[in-house]
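Accompanying notes for the structure given below.
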Amino acid sequence: MAELNQLFSPQTLQDVSIQYRNAQYIGAQIFPIIKVPKPAGRFFKYGQADFFTYVNDLADHRSNVQEVEVNYETESYATEFHSNFSFVSNDEIEAADVPLAPLIDATNRATDNVMLGHEIRSALIAFDPANFTTSQKDSPATKWDAANSTPVQNILAAIDGTFGNDPVYGAIGLDAYRILQSHPDILEAFHFVSSGAVASRQQIAQFFGLKDLFVGESRKMTASKGQTPSYSRIWGDAMLLFRRPDAPSPRSASFGYTFAWRDREVFTQPNLMRGGGSGGVDVKVSFAYDIKVAAEPAAFLLHDVLT
C-alpha cells in the first residue's frame, strides 16, 4: 500500500487555496438582465387600467366602432459602471502548481464582487416597503413564527394581488423561509407527521403554484477592514411574489429589470510597477447597469413577516 506522502505532493497540498463564495445570487432572477442599446434612455409604461376595461365590441353595418384607449407614460433609465480589479504578480503565475490558477482566481474574485454589489442593490429595492404602494404590500398582523399565524392565506392573497399574465415567482429571505418550511399549515398540506419534518423549496413552490421560489442566502461583510469579521444576510425579513416573463422583454409587465449596457466585461493589462522584478497583470471586471422597478403592480411584498 502506498504511503500518504507518495500519493500527494506536499508542495501541491501547500499551494491549494480554500475559497469561499456565496452559494447563490438571486438578484438577477428578480430583476432579469436585458441589454439596452444606449447607456441611458427611456422605456414606456402603458396604463394598467386600460387592459382591464371592457369596451363594447358589438358592431353592425351602421354603428360606429368603439375606440380602445391607449395611455402610456415614459420612465428613464441610466446605467452606471460598476468595476473593480485584482492584481496578480507574474511570480505567482509562474510559480503556481496545479490546481492553482491565479489569473482565473483573480477574475472569479472580481466578478463575484461585482455581482455581490448587484445582489445588495437588488435586495434594497425588492424588499423595501417604501418602493411599493399600499395596495401592493402588507405586513402580517400575526407573524409567521407565531403558532396561530396564517402564512398560507397571506401568500395566496399576495399572489392574487399581482397583475399580469406571466408566471408568478417567489423570493424569500432565509430566516422567513426556514419558518415557512416547518409551519404546521405547510406540513399539513403534505401530510408530514414525523417530528422535525420540513417542506422543500420545490414543494413550497408547487403548493402555491409558483414557477420557482428563490431563497436569499447571501451574506455581506459588515465589519470595517482590520476589525473582527462579522456578517449579515443581504435578504431580510420579507417575501416577494412577482411576475416575470420566461423570456425577459421590456414589452411584458415584469416587476423589474436590470437594464445593462454591454455585457459584463473582463479586461487584463500588464502592470510592471508592482509584483517584484517582473511585474504582473491587472484583471478588471466591469458591468454597466441600472436596476429599475418597471411594473410595480406585477409584484406584491409581504414584509416584516417575523417577530
Side-chain angles (χ1 to χ4, degrees), residues 22-27 29-31 119-164 167-220 222 230-244 255-256 293 296-307:
N22 274 302
Q24 178 180 342
Y25 291 139
I26 66 172
Q29 301 292 346
I30 301 172
F31 299 100
E119 188 82 351
I120 293 171
R121 294 178 184 93
S122 298
L124 289 174
I125 296 172
F127 273 19
D128 186 354
N131 294 325
F132 295 80
T133 56
T134 302
S135 62
Q136 300 306 129
K137 64 183 176 182
D138 190 24
S139 179
T142 305
K143 306 306 179 184
W144 291 355
D145 44 357
N148 60 336
S149 60
T150 57
V152 172
Q153 290 89 327
N154 298 151
I155 295 171
L156 290 176
I159 294 173
D160 289 343
T162 64
F163 286 81
V168 180
Y169 293 79
I172 188 170
L174 183 62
D175 291 339
Y177 169 66
R178 286 174 174 164
I179 293 296
L180 199 60
Q181 276 188 299
S182 58
H183 193 279
D185 291 352
I186 297 292
L187 298 182
E188 183 179 353
F190 295 101
H191 306 289
F192 289 157
V193 294
S194 60
S195 176
V198 294
S200 69
R201 180 178 62 86
Q202 293 82 1
Q203 286 173 319
I204 294 174
Q206 182 180 18
F207 176 72
F208 288 106
L210 304 177
K211 185 70 176 289
D212 205 346
L213 175 64
F214 306 113
V215 180
E217 300 182 45
S218 304
R219 293 181 173 93
K220 65 177 180 180
T222 55
S230 61
Y231 309 90
S232 66
R233 298 285 181 184
I234 295 172
W235 297 92
D237 177 14
M239 182 177 187
L240 178 74
L241 288 307
F242 64 99
R243 293 186 181 270
R244 193 198 76 185
F255 168 59
V293 173
E296 184 222 349
F300 195 103
L301 179 68
L302 292 169
H303 62 95
D304 299 313
V305 299
L306 305 178
T307 55

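Remember, predicted model here, so these are calculated numbers, not experimental data.
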Is there a donor-acceptor pair closer than 3.5 Å between any side-chain N or O of [X] and the backbone N or O of [Y]?
X	Y	result
Q136	T133	no
R233	E217	yes
T162	P297	no

Nearest-0.5 Å distance, [atom1] of residue [X] to [atom2] of residue [Y]:
X	Y	atom1	atom2	result
I30	Y25	CD1	OH	14.5 Å
F132	D138	CZ	CG	12.5 Å
I159	Y169	CD1	OH	13.5 Å
I26	I234	CD1	CD1	9.5 Å
K143	N148	NZ	CG	12.5 Å
I155	L210	CD1	CG	8.0 Å

* Asked: Which word best sums up how the rings of F255 and F242 line up, parallel for under 30°, tilted for 30 to 60°, or perpendicular for over 60°?
  -> tilted

Donor-acceptor pairs are to be reported for all side-chain atoms of residues 299-307 against protein atoms at under 3.5 Å, with residues two or more places apart or in another chain.
residue: T307; atom: OG1; partner: D145; partner atom: OD2; Å: 2.7

So do the side chains of [X] and [Y] get within less than 4.5 Å of each other, counting heavy atoms only?
X	Y	value
W235	L174	no
I204	Q181	yes
F208	V168	no
R244	P167	no

* Structure fact -> Applying side chain to side chain contact (heavy atoms under 4.5 Å, CB included) to P151 and not counting sequence neighbours gives W144, S149, L180, H183, D185

* Check P140 against N154 and note the closest heavy-atom contact, atom names and distance. => CB-OD1, 3.6 Å

* Asked: Nearest heavy-atom pair of A199 and Y177: which atoms, and what distance?
  -> O-OH, 4.3 Å

* To do: Just do the side chain to side chain contact (heavy atoms under 4.5 Å, CB included) check on D212 and R201 with the steps written out, would you?
  => CA-CA 8 Å; D212 205 346; R201 180 178 62 86; 2.7 Å; yes

* **Within 6.0 Å of CD in Q206, more than 12 heavy atoms from elsewhere** => no

* Residues, nucleotides or ligands: over 12 heavy atoms within 6.0 Å of R219 CZ -> no

